[in-house]
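For reference, the structure discussed in these notes is given below.
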Amino acid sequence: MERTYIMVKPDGVERGLVGDIIARFERKGYQLLALRLIHPTRELLEEHYADLKSKPFFPSLMTYMTSGPVVGMVWGGKEVVKTGRVMLGATNPLASAPGTIRGDFCIDVGRNLCHGSDSVESAEREIALWFKEEIKAHKRTIEPLIYE
Ligand code: RTP
């Protein structure tokens, strides 16, 4: 089963949007495989965002992401990496379509509420980074109601 790492950033947790974000993925039919409230260290975030280290916004990104707890989740299902990012909306919330999480709930790119892995490879890297324990999927009884 394809898996992705979805994270509610500190602003999303503080604003009480965790439940709404989880509900959207549940209603879509994706399977929640793991969930944690985490107070991320700078070291963990530097590894997560290693490819952005040279960007001018990196210091403000670190300040933002260490400002409070985050909720890390693993979701599974058909094409969940690509569709998960569609559900999040464009990185810049002003360009995010209405109906997406960022399109509905935020304005600034530096307060864009949530993260979603951008490829299957980065999803597996991020899941290993944020979840040390083994993640076991169970076969849901509703599977025939979700998939043809
Ligand atoms: P994410 O990893 O959070 O899902 O976002 P993304 O792939 O769509 O975008 P990426 O370019 O990887 O940027 C990661 C996060 O950095 C912040 N950012 N700020 N001030 C800026 O110009 C700027 N650009 C990006 C955002 O919080 C973005 O989600």
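Atoms considered below: every heavy atom in the structure, side chains included; atoms not considered: hydrogens, waters and symmetry mates.
- For the atom pair CZ of F105 and CZ of R15, the computed distance is 8.0 Å after rounding to the nearest 0.5 Å.
- No side-chain heavy atom of V74 sits under 4.5 Å from any side-chain heavy atom of W130.
- The number of heavy atoms from other shown groups lying within 6.0 Å of NZ (K132) is above 12.
- Remark: side-chain polar atoms of R85 are not paired, donor with acceptor, to backbone N or O of V80 under 3.5 angstrom.
- Residue M87 is grouped with residue V71 when hydrophobic side chains (ILVMFWY) are merged at heavy-atom distances under 4.5 angstrom, including chains of intermediate members.
- Listed for the T100 side chain is no donor-acceptor partner under 3.5 Å among the backbone atoms of S96.
- Between G76 and Y30, the shortest heavy-atom contact is O-CD2, 3.4 Å.
- Using a 4.5 Å cut-off between side-chain heavy atoms of Ile, Leu, Val, Met, Phe, Trp and Tyr, with links allowed through other members, F131 and I6 fall into different hydrophobic clusters.
- Within the 3.5 Å criterion, the main-chain N or O of V70 finds no donor-acceptor partner in the side chain of R36.
- Closest approach of I107 to L94, counting heavy atoms only: O-CG, 3.5 Å.
- Contact annotation: the side chain of R111 never approaches that of C106 to less than 4.5 Å [non-hydrogen atoms, C-beta and beyond].
- D104 has a carboxylate O that lies under 4.0 Å from a charged side-chain N of R24, or vice versa, which qualifies the two as a salt bridge.
- Listed for the Y64 side chain is a donor-acceptor partner under 3.5 Å among the backbone atoms of N112.
- Atom CD of E47 sits in a sparse spot, with 12 or fewer heavy atoms from other residues, nucleotides or ligands closer than 6.0 Å.
- Y147 contributes a side-chain N or O that, together with a main-chain N or O of K78, makes up a donor-acceptor pair within less than 3.5 Å.
- Residues Y49 and K55 have side chains not in contact (no heavy-atom distance under 4.5 Å, counting atoms from C-beta outward).
- The shortest distance between side-chain heavy atoms of I22 and V8 does not fall below 4.5 Å.
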Exercise. Could you walk me through whether S60 and T63 pass the side-chain hydrogen bond (donor to acceptor under 3.5 Å, both in side chains) check?
Worked result: CA-CA 5 Å; S60 57; T63 304; over 6 Å; no

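- The minimum heavy-atom distance between I135 and A34, with the atom names listed, is CD1-CB, 3.8 Å.
- Both W75 and I146 sit in one connected hydrophobic cluster of ILVMFWY residues. Membership requires side-chain heavy atoms under 4.5 Å apart, directly or through other members.
- Between L44 and L129, the closest side-chain pair of non-hydrogen atoms falls below 4.5 Å.
- Ring-plane geometry between H115 and Y5 is classed as tilted, the angle between the planes lying from 30 to 60 degrees on a 0 to 90 degree scale.
- The pair E124-R3 meets the salt-bridge criterion, with a side-chain N (NZ, NE, NH1 or NH2) lying under 4.0 Å from an Asp/Glu carboxylate O.
- For the pair G68 and P10, the tightest heavy-atom approach, listed with the atom from each and the gap, is O-CG, 3.5 Å.
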For this session: Decide side-chain contact (heavy atoms from CB on, under 4.5 Å) for F25 and I101; before the verdict, give the C-alpha distance in whole Å, the side-chain angles of both, and the deciding distance to 0.1 Å.
Result: CA-CA 11 Å; F25 280 83; I101 293 163; 4.1 Å; yes

For this session: Determine, stepwise, if the pair R102 / C114 fulfils side-chain contact (heavy atoms from CB on, under 4.5 Å).
Result: CA-CA 8 Å; R102 289 166 176 159; C114 45; 3.8 Å; yes

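- Closest approach of M1 to A137, counting heavy atoms only: CE-CB, 4.0 Å.
- Counting heavy atoms from C-beta outward, M7 and E126 have side chains that stay 4.5 Å or more apart.
- Scanning all heavy atoms of the two residues, the minimum distance from V109 to T91 falls at CG2-O, 3.6 Å.
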For this session: Output, in order, the C-alpha distance, side-chain angles, deciding distance and verdict of side-chain contact (heavy atoms from CB on, under 4.5 Å) for L37 and V18.
Result: CA-CA 10 Å; L37 182 87; V18 173; over 6 Å; no

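- With a 4.5 Å cut-off on side-chain heavy atoms, P40 and T66 do not count as touching.
- One finds a salt bridge joining E46 and R42 here, because a Lys/Arg side-chain nitrogen approaches an Asp/Glu carboxylate oxygen to under 4.0 Å.
- Although no hydrogens or angles enter the test, the distance criterion places no donor-acceptor pair under 3.5 Å between the side chain of S117 and the main chain of V81.
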For this session: Evaluate the side-chain contact (heavy atoms from CB on, under 4.5 Å) criterion for residues M73 and T4: first the C-alpha distance (whole Å), next the side-chain angles of each, then the deciding distance (0.1 Å), finally the verdict.
Result: CA-CA 8 Å; M73 297 176 271; T4 193; over 6 Å; no

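- Q31 has its side chain within reach of H138: a pair of non-hydrogen atoms, C-beta onward, lies under 4.5 Å apart.
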